[in-house]
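First up is the structure itself, then whatever we jot down about it.
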Amino acid sequence: MSTEIEKLNCLIIGSGPAGYTAAIYAARADLKPVMYTGLEPGGQLTTTTDVENFPGYPEGIGGPEMMEQLKAQAERFGTDVRFGLATGVEFSDKPGDYHKVIIDDNKEIHARTVIISTGASAKYLGLESEKRLMGSGVSACAVCDGFFYKGQDVAIVGAGDTAAEEATYLAKLCTKVHMIVRRDEMRASKAMQKRVFNTPNIEVHWNSETEEVLGEQTVEGIRIRNNQTGDTSELKVTGFFVAIGHKPNTDIFKGQLEMNEVGYLFTDPKTTKTVKPGVFASGDAMDPHYRQAVTAAGTGCMAALDAERYLAEIEDLVEETA
């Protein structure tokens, strides 16, 4: 562990739309923010080829390019963007105190405010072909990418509310939606199941598991296996959507912050404030519902404004007690 301790007004953990937006606002407020990007600078959007639903890009933009532009904008206003991973935290309960954050197991930072924008990672099946065709027909976000498959046949894996919701969303755009369900029943709510069953162009394949995503450069189909009979079959599809859940990247905050059973951080209603004074959560680390770039950016803005107001409040507190 380095013996040198760096003291900051504002530390941002994680990048992506939430982190970079927080950085833009914090830097413009002269908080002199330092950002550690995490091991995947730019977050989930760096694995997306085209982003067409973010305001301000009428022709769309590549995910990696968009993240580079957000980074450049944050740096333009003075954000110190560093590559590194937060590996430990010790948050104080006392307003005005510094919070301790360990970076890469060897650097100690003390920050008056900490903005968490560590995001979430989509869960995948773990197939080699799935990984190889990521962004070339394989997606974990139907709302983000469904438009590209308008009038085509697609498949979606999952049996919960998210899978059912995304299947019905895709059904409005696509000719046929194959829904791959591992068991002989769905975990989705009865209302969501009813919606699936009442949509004529959704075909549910029960007791089925995906063995392989087919195609060399882009998705051309999938091979599924019935786990009761052992029979295999191939479905011709151009898009393969995985909706088996997300895992928030919040493990290092266990025991420090309140979170639900999955790991999404709790914040005060209509704010980004966590239970620790001066610690704020934004983006997919605290949002289990929307998980969109534009909503993540919005909460990043909120977190920076909350941090700015918090710093002003503790300055006033210090003056009153002086």
Side-chain angles (χ1 to χ4, degrees), residues 1-16 18-43 71 74-119 248-259 263 265 267 272-283 285-286 300 302-322:
M1 177 77 68
S2 171
T3 56
E4 182 183 353
I5 296 174
E6 185 176 8
K7 291 191 174 182
L8 307 172
N9 264 335
C10 181
L11 174 67
I12 301 171
I13 305 175
S15 44
Y20 284 133
T21 304
I24 291 166
Y25 275 79
R28 284 173 57 85
D30 201 30
L31 302 189
K32 297 178 174 55
V34 170
M35 168 190 283
Y36 278 93
T37 62
L39 297 182
E40 188 179 36
K71 177 188 175 188
E75 290 179 323
R76 173 193 167 200
F77 295 115
T79 303
D80 184 352
V81 179
R82 305 172 183 175
F83 181 78
L85 179 69
T87 52
V89 298
E90 188 176 314
F91 295 142
S92 174
D93 291 308
K94 184 179 178 182
D97 270 8
Y98 281 100
H99 302 287
K100 184 167 75 174
V101 179
I102 307 301
I103 304 295
D104 295 328
D105 292 319
N106 61 20
K107 181 177 177 62
E108 185 170 328
I109 289 181
H110 290 186
R112 293 278 194 196
T113 61
V114 176
I115 295 175
I116 297 167
S117 56
T118 49
N249 302 319
T250 57
D251 285 352
I252 66 167
F253 308 118
K254 287 180 178 178
Q256 294 283 318
L257 300 176
E258 292 181 353
M259 59 184 71
L265 299 174
T267 58
T272 62
K273 299 176 184 177
T274 69
V275 293
K276 300 291 186 178
V279 179
F280 309 94
S282 63
M286 50 76 76
M302 292 166 60
L305 293 175
D306 286 341
E308 180 186 2
R309 290 164 185 164
Y310 170 81
L311 288 169
E313 288 170 3
I314 62 174
E315 284 178 7
D316 291 341
L317 184 64
V318 169
E319 290 178 1
E320 289 175 4
T321 56

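Numbering starts at 1 and runs along the sequence shown. Since the structure is predicted, the reported quantities are computational estimates derived from the model, not experimental observations.
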Exercise for the section: In plain terms, say whether D30 and K32 are close enough for a salt bridge, that is, a side-chain N and a carboxylate O under 4.0 Å apart. Expected result: yes

Handout entry: Side-chain heavy-atom pair D93, K276 within 4.5 angstrom cut-off
Key = yes

Exercise for the section: Taking T267 for its side chain and T272 for its backbone only, find out whether a donor-acceptor pair lies under 3.5 Å. Expected result: no

Exercise for the section: Compare all side-chain heavy atoms of I116 with those of L257 and state whether any distance is below 4.5 angstrom. Expected result: yes

Exercise for the section: Taking T118 for its side chain and T250 for its backbone only, find out whether a donor-acceptor pair lies under 3.5 Å. Expected result: no

Handout entry: Donor-acceptor under 3.5 Å (T274 side chain, V279 main chain)
Key = yes

Handout entry: Backbone N/O of G84 and side chain of D104: donor-acceptor pair under 3.5 Å
Key = no

Handout entry: Heavy-atom closest contact (A23 atom, P33 atom, distance)
Key = O-CG, 3.9 Å

Exercise for the section: Determine, for E313 against K273, whether the closest basic-nitrogen to carboxylate-oxygen distance falls under 4.0 angstrom. Expected result: no

Handout entry: Positive for side chain to side chain contact (heavy atoms under 4.5 Å, CB included) with T87, one of I252, V101, I103, I102
Key = I102

Practice task
May I ask you to decide if V81's main-chain N or O and T79's side chain share a donor-acceptor pair within less than 3.5 Å?
Solution key: no

Handout entry: Side-chain heavy-atom pair Y36, K107 within 4.5 angstrom cut-off
Key = yes

Problem - Qualifying residue, where the test is ring-ring contact (aromatic ring centres under 6.0 Å, His included) with H99 and the options are Y310, F280, F253, F91 - result: F91

